[in-house]
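Reading through the structure tokens given below for one structure.
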Amino acid sequence: MFCSMIRIRFQGRGGQGAKTAARILGTAAFLEGFTAQDSPLYGAERRGAPVSAFVRLARGPIFERGLIAHPDLVLVADETLLAHQAARVLEGVKDETPVFINSSRPAQELKAEGACPGRFITLDVTGLALARLGKRGVLSAALGAVAARLVGLKEAGVRSAVEQELREVGLSASTIEQNLTLALECFRLVSAAPLTESVPAEAPPTPLWTPQYEAPGRGSARITAPANAPLHETGDWRTFRPVLDPEKCNGCWLCFAYCPDGAIRMDRQDKPVFDYDHCKGCLLCVEECPTHALIVERETAGPRRKETA
Amino acid sequence: MTREMMTGNLAAAWGARLAEVDYIPVFPITPQTEIVEALASWCDGGDLAARFVTLDSEHSMMTAAGAAAAAGARVFTATSSQGLLYAFEVLYTIAGWRVPLVLVNVSRALASPITLEPDHNDVLAARDSGFLQIHAETCQEVLDSVLMAYRIAEDQRVCLPVMVNLDGFYLSFTREPVTKPEPDQVRAFLPPYRPAHLGFKASAPQSLGVAVLGGASYTYFRHQMQLASLNALAAHQDAAADFARLFGRRYDLIEGYRLEDAEDVLVMSNAFATKGRAAVDQARTKGRRVGLLRLRVIRPWPADAIAAALRGRRAVAVLDQNLAPGLGGILFQEVAAVLYHEPARPKALCSFIGGLGGKDISEGEFEAIFAQTAAAGDRRRGIGPVLLYTEGEQHTMQELLAIAGNVEQPSAITPQRSGGDPDRPLSSTGS
């Protein structure tokens with residue numbers, strides 16, 4: 001547990017449930033008598049894009065708001081976010097900061113790959129969700145429960161919080177029950193982490209910049225660079241990828257027609273070729289393929305294949 | 001009383017529900033939509049006996065709100081940013097009808113460029129509309145202020161509409177513990193709406209907002225609005241006393257934090273004032289005798305209370321989360337005007353502009369504000385407007401401009417750094 005205040009940051013992707021996980025943690029702590037504050041940060045919502053949610057738990061009033069730059073605990077909703085440049089999941093993490101990662105791989109292995117700070121803890125929440133719920137993707141209850149365990153909250157509060165927050169988002173009683181079972185299983189699979197409360201750092205005055213007049217070409221918001229959208233590699237929003245089984249493909253071009261991002265091109269044999277730098281993993285192509293020639297493969301950390309042919 | 005985790009948006013909706021409003025005209029806009037969604041589900045489920053009506057725009061929404069209030073209904077509505085601006089001519093019109101409705105504005109910075117996060121150019125644009133304005137710092141204060149707003153608006157000394165402001169994201173989507181008053185206690189605080197001068201009766205028709213040419217009669221009615229607005233100072237204090245007695249929470253026109261022995265005072269409003277408190281605590285650990293003054297009621301402008309809180313200080317810094325281009329901070333001007341006639345006025349007034357578009361104000365920036373304010377006090381000469389913007393942010397901006405294709409043009413103006421060596425060249429531009 002903690003003395004005065006701890007700051008917890010959730011790192012997820014739009015649609016994975018980081019916001020609801022933060023609410024579950026906030027509610028569980030509140031029910032146990034702590035002052036809690038939780039807030040999500042997601043800008044313009046986009047499924048798969050990196051999002052954050054912040055929770056502060058305290059024994060007194062909380063005089064902070066908004067983003068948490070120096071977290072005492074970080075939860076990463078899937079391991080592929082570790083390599084995501086813009087997500088900056090480890091920002092402000094110190095050597096002793098516990099970092100929980102939803103991954104099927106051992107903590108030491110991930111740690112060795114990244115050469116990054118933080119005490120890594122892993123659990124294959126997605127694997128458990130697939131096994132228990134038959135669903136991939138939505139991890140809110142499990143992630144919230146893991147966080148509650150790591151900060152040392154009790155099971156009873158977590159149970160109430162999961163029920164309350166999932167009811168809030170309109171899930172059916174049976175779905176809530178399934179999620180609760182998974183959440184409590186995850187709760188028991190991790191143990192409370194030793195937390196180091198960061199004390200507000202001595203902040204020297206920040207060097208300020210005096211804005212200078214620029215001609216309107218640079219002084220007003222406009223884009224003049226042609227076709228710079230490809231610079232934004234939205235492929236790293238993906239947690240599952242579509243993969244072609246060429247034997248089953250009948251060359252109907254339906255996947256090409258349905259892809260909302262133009263991330264599929266057709267080759268001379270009428271087979272789809274995926275641009276994995278920009279495929280966001282919406283899996284519409286998998287849904288639409290009439291011959292079930294597209295299968296779903298889970299993304300893992302590490303270098304990604306760029307394109308298949 | 002029950003205590004639960006609640007967003008600022010939900011707290012606003014609960015305020016309307018506990019006030020047992022009759023009529024709710026709505027139009028959605030981020031980050032306000034959650035308020036009307038909650039009210040829609042309560043009306044649909046029979047938890048709130050109000051008429052819920054979706055309109056085609058904020059302009060129609062505010063017209064419907066004013067008309068319903070004139071017909072004798074207790075009215076609630078909410079909007080944000082561009083939506084508030086779209087309703088603008090109606091704000092002035094219905095304030096002149098003297099209809100006591102409550103409008104919640106969830107602050108969001110104005111276009112262009114377009115964004116979603118908060119600053120106060122939207123709500124402060126409406127400062128001259130005749131609406132009273134209460135600006136909230138916490139989710140609890142949002143709920144409580146909606147209840148107080150009805151009480152003040154419906155006070156016979158006032159009869160003006162009230163705008164309650166909360167910051168988008170920092171309050172609207174942030175949950176914190178909120179105590180929900182009991183309906184019976186709210187009824188004791190806020191009696192049913194029975195306006196003497198409004199209401200619809202077929203046998204006694206009346207015409208509102210009639211034309212008055214010639215100036216003198218127009219002036220008479222405008223003077224009445226000025227006096228009504230000033231009366232709200234006393235109405236607020238009466239409502240605050242009753243509120244404190246019933247609910248145990250006390251709200252004043254302004255709020256001081258560690259002011260007793262403060263040499264220098266930072267003036268702020270809304271949710272970032274919470275960060276201001278932490279910054280004051282932090283600065284005091286380093287030996288700076290600083291305090292915070294939070295502006296809560298902005299219309300009417302509590303001039304006497306502000307003067308009393310700021311007289312005799314070494315220096316005062318106003319941190320405006322708004323920008324009037326070509327002038328600077330809006331609230332700075334109003335604070336400065338209050339202090340002009342004070343014999344013991346502060347030695348220096350400093351103006352800072354920060355938190356635009358929801359930009360964070362870091363501990364280091366607060367420290368820069370306190371350091372510059374103290375130095376200004378010693379020099380006996382104020383500074384500003386200082387546009388809070390860091391070297392790091394400028395560096396990132398240069399990279400974004402390059403991606404957008406807007407490469408640097410040779411500039412005739414010599415770059416300058418504030419508080420540093422003016423001869424030092426521009427920091428790395430990512431090239």
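With a 4.5 Å cut-off on non-hydrogen atoms, A/Leu31 does not touch chain B at all. In this structure, chain A has a heavy atom under 4.5 Å from the side chain of B/Glu117, while its backbone stays farther away. In this structure, no portion of B/Thr30 lies under 4.5 Å from any heavy atom of chain A. Only the side chain of B/Leu171 comes within contact range of chain A, with heavy atoms under 4.5 Å apart. Of the two parts of B/Thr390, the backbone and the side chain both hold a non-hydrogen atom closer than 4.5 Å to a non-hydrogen atom of chain A. Both the backbone and the side chain of A/Arg23 come within contact range of chain B, judged by heavy atoms closer than 4.5 Å. At a 4.5 Å heavy-atom cutoff, the contact between B/Leu387 and chain A is made by backbone and side-chain atoms alike. Heavy atoms of A/Asp38 lying under 4.5 Å from chain B belong to its backbone as well as its side chain.
Between the B/Arg258 side chain and the B/Val290 main chain, no donor and acceptor come within less than 3.5 Å of each other. Judged purely by atom type and a 3.5 angstrom limit, B/Asp264 has no side-chain atom pairing as donor or acceptor with the backbone of B/Phe370.
For the side-chain contact (heavy atoms from CB on, under 4.5 Å) with B/Leu319, the lone residue among B/Leu292, B/Val386, B/Ile369 that qualifies is B/Ile369.
Between chain B and the options A/Pro226, A/Ser39, A/Pro61, the largest number of non-hydrogen pairs under 4.5 Å is found for A/Ser39. Of the listed residues A/Ala36, A/Ala221, A/Ala69, the one with more heavy-atom pairs under 4.5 angstrom with chain B than any other is A/Ala36. Top candidate by heavy-atom pairs under 4.5 Å with chain A, chosen from B/Leu400, B/Thr274, B/Leu388, B/Thr174, is B/Thr274. The most heavy-atom pairs under 4.5 Å with chain A, out of B/Ala271, B/Pro113, B/Ser112, B/Ser362, come from B/Ala271. The candidate from B/Phe173, B/Phe169, B/Phe272 with the greatest count of non-hydrogen atom pairs under 4.5 Å with chain A is B/Phe173. Interface remark: of the candidates B/Arg175, B/Arg277, B/Glu176, B/Glu367, B/Arg175 forms the most heavy-atom pairs closer than 4.5 Å to chain A.
Inspection of the A/Glu96 and A/Thr196 side chains reveals no N or O donor paired with an N or O acceptor under 3.5 Å. Looking at B/Arg288 and B/Gln282, their side chains never bring a donor and an acceptor atom within 3.5 Å of each other.
The CD1 atom of B/Ile353 lies 5.5 Å from the CG atom of B/Leu323; values are rounded to the nearest 0.5 Å. In this structure, CD in A/Glu165 is found 6.5 Å from CD1 in A/Ile24, a value given to the nearest 0.5 Å.
Here the shortest heavy-atom pairing between B/Pro118 and B/Gln321 reads O-NE2, 3.7 Å.
A salt bridge is absent between A/Arg65 and B/Glu137: the closest approach of a Lys/Arg side-chain nitrogen to an acidic carboxylate oxygen does not fall below 4.0 angstrom.
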